[in-house]
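Each chain gets a letter, A, B and so on, in the order its sequence line appears, and its residues count up from 1.
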2 protein chains.
Amino acid sequence: MKLDNKPVTSDIRKHLPGECQIVASILSRIGDKWTVLTIMLLVAGPKRFNELKRMIGGISQRMLALTLRGLERDGVVTRTVTPTVPPRVDYELTELGHSLRVPIEALGNWTFSNVPAVLEAREKFDKQQKGKV
Amino acid sequence: MKLDNKPVTSDIRKHLPGECQIVASILSRIGDKWTVLTIMLLVAGPKRFNELKRMIGGISQRMLALTLRGLERDGVVTRTVTPTVPPRVDYELTELGHSLRVPIEALGNWTFSNVPAVLEAREKFDKQQKGKV
DNA sequence: CTGTATCCCAGTCGATACTG
DNA sequence: CAGTATCGACTGGGATACAG
């Protein structure tokens, strides 16, 4: 897999077969249950581990750790350890992470403004299914 | 989930608690393994079941059926049966589906153009991890 | 052709306990 | 505070077989 400095067209449909997997793997991280929420919180500034945990609410320690490690691996967040007692770890969006904010918010806003339409569609669909049985 | 106490960024944060689940459920459909690809293919026009199956390649009959059913339920695609022998079923994006194309492509294009950055970050991260053990 | 129904494995996630 | 380790429940998804 190499796409060095190729003039990347802005059309997703033109990707090569090999790139498909990478794109899918990144896309699946976005679709991950906690990723979007975590990024949205970090947009406001650096956060500590438990700070994020509290803000997210429903997440387990394990999943937050996994989510953050995944984001760190992909270069979206940085992890900064301050070796005090007790230890302090700050997570912060990288430049790449901040650039992700734009498309993520586009998607979030689309979702938000179409919630009624989707709900209506689901209700209608479910009602039809019910009548079919 | 509490996103409502900070003076932050976009509309996505303004949602009410109850809507959070809906937003998450829609978002998770986007992150679904086959959804984005399927939508991208349908952007070009209506497609039949096996036509989609062939184009996607790696998908099983079961997953394509489930994916399409989910999209239909959310009002993103329509399913049109032509009762001939053999039967013919066409799937087509609704207006809602076509509007989804914009944010999806934004995300896709971000992903596509940042593949090198992410790959580099992963490689760097993995190397560091390796050295730590 | 276009599905639905079953079986089954691999991976995911939460809860809990333990460590530095 | 900030994790890692482990276990068990649950689920996604492929393969296969069958039906309209």
Send over the distance from [X] [atom1] to [N] [atom2], rounded to a whole Å.
{"X": "I59(A)", "N": "dA2(D)", "atom1": "CD1", "atom2": "P", "answer": "14 Å"}
{"X": "K33(B)", "N": "dT12(C)", "atom1": "NZ", "atom2": "P", "answer": "11 Å"}
{"X": "E72(B)", "N": "dT2(C)", "atom1": "CD", "atom2": "P", "answer": "15 Å"}
{"X": "D90(A)", "N": "dA2(D)", "atom1": "CG", "atom2": "P", "answer": "8 Å"}
{"X": "D32(A)", "N": "dG12(D)", "atom1": "CG", "atom2": "P", "answer": "14 Å"}
{"X": "M63(B)", "N": "dA15(D)", "atom1": "CE", "atom2": "C1'", "answer": "14 Å"}
{"X": "L64(B)", "N": "dT2(C)", "atom1": "CG", "atom2": "C1'", "answer": "10 Å"}
{"X": "I56(B)", "N": "dG14(D)", "atom1": "CD1", "atom2": "C1'", "answer": "15 Å"}

By side-chain hydrogen bond (donor to acceptor under 3.5 Å, both in side chains), which residues pair with T67(A), not counting sequence neighbours?
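T67(A): no side-chain hydrogen bond (donor to acceptor under 3.5 Å, both in side chains) contacts found.
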Can you tell which of dA2(D), dG14(C), dC1(C) lies closest to the side chain of P87(B)?
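Closest nucleotide to the P87(B) side chain: dC1(C).
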Among T35(B), L41(B), L42(B), which one satisfies side-chain contact (heavy atoms from CB on, under 4.5 Å) with T38(B)?
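When side-chain contact (heavy atoms from CB on, under 4.5 Å) is applied between T38(B) and each of T35(B), L41(B), L42(B), only L42(B) qualifies.
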Evaluate salt bridge (charged side-chain N to carboxylate O under 4.0 Å, His left out) for K47(A) paired with D90(A), printing each intermediate quantity in order.
CA-CA 5 Å; K47(A) 297 275 181 298; D90(A) 286 282; over 6 Å; no
Nearest heavy atom decides the nucleotide; on that basis, is R54(B) or L66(B) closer to the 5' end of DNA chain C?
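That would be R54(B).
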Counting C-beta onward and ignoring hydrogens, is there a side-chain heavy-atom pair between K33(B) and M63(B) closer than 4.5 Å?
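When only atoms from C-beta onward are counted, M63(B) and K33(B) do not touch, as no gap falls below 4.5 Å.
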Indicate yes or no: at least one non-hydrogen side-chain atom of L68(A) is less than 4.5 angstrom from one of F49(A).
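Answer yes - side chains close enough.
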Yes or no on salt bridge (charged side-chain N to carboxylate O under 4.0 Å, His left out) for R69(A) and E72(A), after CA distance, side-chain angles and deciding distance?
CA-CA 5 Å; R69(A) 212 178 313 136; E72(A) 186 194 358; over 6 Å; no
What does the list of N/O pairs under 3.5 Å between the protein and nucleotides 3-6 of chain D look like, with a distance for each?
from, atom 1, to, atom 2, distance (Å)
dG3(D), OP1, R79(A), NE, 3.0
dG3(D), OP1, R79(A), NH2, 2.5
dG3(D), OP1, Y91(A), OH, 3.4
dG3(D), OP2, Y91(A), OH, 2.5
dG3(D), N7, Q61(A), OE1, 3.4
dG3(D), N7, Q61(A), NE2, 2.3
dT4(D), OP2, R69(A), NH2, 2.8

Phosphate contact (dC1(C) OP1 or OP2) by K47(B) side-chain N/O below 4.0 Å
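False: K47(B) side-chain N/O out of range (4.0 Å or more) of dC1(C) OP1/OP2.
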Nearest 0.5 Å, please: how far is CZ in R79(B) from CZ in R73(B)?
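With rounding to 0.5 Å, CZ (R73(B)) is 15.5 Å from CZ (R79(B)).
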